Amino acid sequence: MDMDLITNILYAMIRTGTPLLIIALGEMVCEKSGVLNLGQEGMILMGAVAGFIVTLLTGSLFFGFLMAMAAGVIMSQLFAMITLGLNANQVATGLALTIFGTGLSAFIGADFVGQPIQGLDVIVIPLLSDIPVIGKMLFAQDAIVYLSFGLFTALYWFFRSSRTGLIVKAVGENPHAANAIGLPVMRTRYLAVAFGGAMAGLAGGYLSLAYTPMWAENMSAGRGWIALALVVFASWRTERVLLGAYLFGLASILHLVAQGLGFSVSPNLLAMLPYVATVLVLVMMSRNQSRSKMFAPMSLGKPFHVGS
Amino acid sequence: MKKPVLRKLLTGLVASLGLVATLSVQAAEPFKVGFVYVGPIGDHGWSYQHDQGRLAVEKYFGDKVKTTYVENVPEGADAERVIRTLAKTGHNLIFTTSFGFMNPTLKVAKQFPKVTFEHATGYKLAKNVGTYISTTYEGRYVAGFVAAKVTKTNKIGYIASFPIPEVIRDINSAQMALNKYNPEAELKIIWVNSWFDPGKEADAANAMMDQGVDVILQHTDSPAAMQAADRRGIFAVGQASDMSSFGEKAHILSVVDNWTPFYIKRVQQVMDGTWKSEDHWGGMAEDEIVIPAFTNIPDEVATEAQSIVDGIKAGTIHPFAGPIKNQAGELKVAEGEILSHDELAGMNWYIEGVQGNIPK
């Protein structure tokens, strides 16, 4: 393997990992507050179709991404109304949201299939992008990738050192205690769910506006589910979510590259590699049962009544 | 104000009821045709093209035919339920458009002997079940020719879906063209284990381009690879539907499935009672495989490509004309002969020149 190839693999790793990273970070915040939203696929697809249509009609990628996030937020608030407002089962509602979003996005997007747009361009940062091997991967990406770096840093700080981060965690661990000391449990959960929705929508926009600039039904192809699993295997820790997302990206690129290089390994085996590698690494890291348990929000998925 | 409107509505309603009543006495029920799709009709590929055929049937027959479609049907037990529902609800002819619908189709066909079934890409016939497939390998041969002519690096990428005869046949067909027109060129095959995953198809395209590929062929359904090629300034061949709009500079040709003539013919035959169970292979000669345009390539290459298309149509050129050797160098088809229909239908070996093994 020559240097160029490694540089390109690392570059592709970041690109492939980015949508997963964004979705997983959003879902992590949501789960930290004690809400399990399985409606990721639905929100991603709604974000993808909304972003694509707006960009196609207005010609503005900025508005496209904005609308993608808005669509994600609207979907997530629908979920929040049902699960938080009406105390419905979160798992069932989340699954329903996925089915609803998949169908609705297909319906809305039917007339936009097969229309091309000019996708988001990369921003090459001079000098830094010339650093061998890692330059291209870190400094020759598009705006959303840079945004995801910022998002990671912000969330890392948020849960480590901010008071609001503690409030979110408290609400997810023990909403009754949080309520007793006067923390706004419901408002926190609504906002956390909205953040999750915005990120899923953003990731959807990334798929339809930057990664493969087009709209096609069901184009998320299961990324929402992978991100959901990532959050669990990363035991709700920001830095492990990042690691897991990129690891998954790397493994899914490697199996394509390996085939191109003529390795005669069964592609079925190679296609498993991303899943196996990611699960293995993250399970090894959290093999200490008692320690990893500490990271799972105690009240994840449990409804909360004010005053109960 | 309120009353006249209401009265108008009522009289209208009564009149239309009367009309419907008389109509149903006079005209027979419309002929009902059902379609079962494996993907979404919005995939801009395989299922999309089948649905274009369905729409053409509706347009052609007007009121005489009513069509129904079910999309996103998983291959397996669910398919059987969907097909049975269509058969139960008075559909006279049902098209099941994916390989994995084969056994469910046959099972339901046994229970509904009066209903006619047509199954795409399969190989099992029954009294009331016919099969059909388009000979995409003809298009792939032309794509292979153009790729052989325009490549500079002599590395041609091939994004493959699943190792089934149809896909292997098409890889071989492209290689036949390379062997003849540019033996130096090599196919780089990447299996993505999916018919439709834009992200993965784009990743595969990028991985190929990183390894020096400068023309990409694909047997997957999204235009993502075309787009990726366009971004990096290399060439690509569209699959199933016309993908020229996704690659202004990259698109050299698209191999388009055109199901319209076949669907109209079959519907007509079943209506007339002249339908017979058979295994139908349609290609360029039947206008079921179409190459709408050659773009971004030199005129002389386009002219020669067109003459190959004409030759295939006229039957003077066959992509699998001997001599053909397998990877081990054994002669499979002698000079002057062509690969038999049965060999083509069940193809599970690579011809000489293809690198690597078929995944098991």
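So that the names make sense, note that chain A is the first sequence line, chain B the second, and so on, each numbered from 1. Values in this document were obtained by computation on a predicted structure and should not be read as measured data.
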Interchain contact, B/Ile189 with chain A, by part (heavy-atom threshold 4.5 Å): backbone
Locate the shortest heavy-atom distance separating B/Lys200 from A/Arg223; write the atom from each residue and the value. N-NH2, 3.9 Å
Please classify the contact of A/Pro213 with chain B as side chain, backbone, both or neither, using a heavy-atom distance under 4.5 Å. both
Decide if atom CD of B/Glu58 counts as having more than 12 heavy atoms of other residues, nucleotides or ligands within a radius under 6.0 Å. yes
Could you give the distance from CG (B/Asp197) to CG (A/Asn218), rounded to the nearest 0.5 Å? 9.5 Å
Within 6.0 Å of CZ in B/Phe162, more than 12 heavy atoms from elsewhere: yes
So which residues of residues 237-244 of chain B are in contact with chain A at a heavy-atom cut-off of under 4.5 Å? none
If every non-hydrogen atom of A/Glu217 is compared with every non-hydrogen atom of B/Phe196, which pair is closest and at what distance? O-CE2, 3.2 Å
Could you pull out the closest heavy-atom pair between B/Ala202 and A/Thr212, with the gap in Å? CB-CG2, 3.7 Å
Nearest heavy atoms of B/Ser245 and A/Pro116, plus distance in Å: O-CG, 3.0 Å
Any idea which heavy atoms bring B/Trp191 and A/His255 closest together, and the distance? O-CE1, 4.2 Å
Looking only at B/Pro163, B/Ala207, B/Gly199, most heavy-atom pairs under 4.5 Å shared with chain A are made by B/Gly199
Residue B/Glu201 versus chain A: region with a heavy atom under 4.5 Å: neither
Determine which residues belonging to residues 226-235 of chain B lie within contact range of chain A, meaning some heavy atom pair is under 4.5 Å apart, and list them by number or answer 'none'. B/Gln227, B/Arg231
Give the C-alpha distance, both sets of side-chain angles, the deciding distance and a yes or no for side-chain contact (heavy atoms from CB on, under 4.5 Å) between B/Ser222 and A/Met214. CA-CA 10 Å; B/Ser222 94; A/Met214 61 173 174; 3.8 Å; yes
Against chain B, residues from residues 137-149 of chain A with at least one heavy atom under 4.5 Å, in numeric order, are none
The test is side-chain contact (heavy atoms from CB on, under 4.5 Å); show your working for B/Asp203 and A/Tyr211 and say whether it passes. CA-CA 9 Å; B/Asp203 287 343; A/Tyr211 198 57; 2.6 Å; yes
Side chain, backbone, both or neither: which part of A/Leu207 has a heavy atom under 4.5 Å from chain B? neither
Side-chain donor/acceptor pairs under 3.5 Å, residues 242-249 of chain A, sequence neighbours excluded:
none

Using 0.5 Å steps for rounding, measure from the CG atom of B/Asn206 to the OH atom of A/Tyr11. 7.5 Å
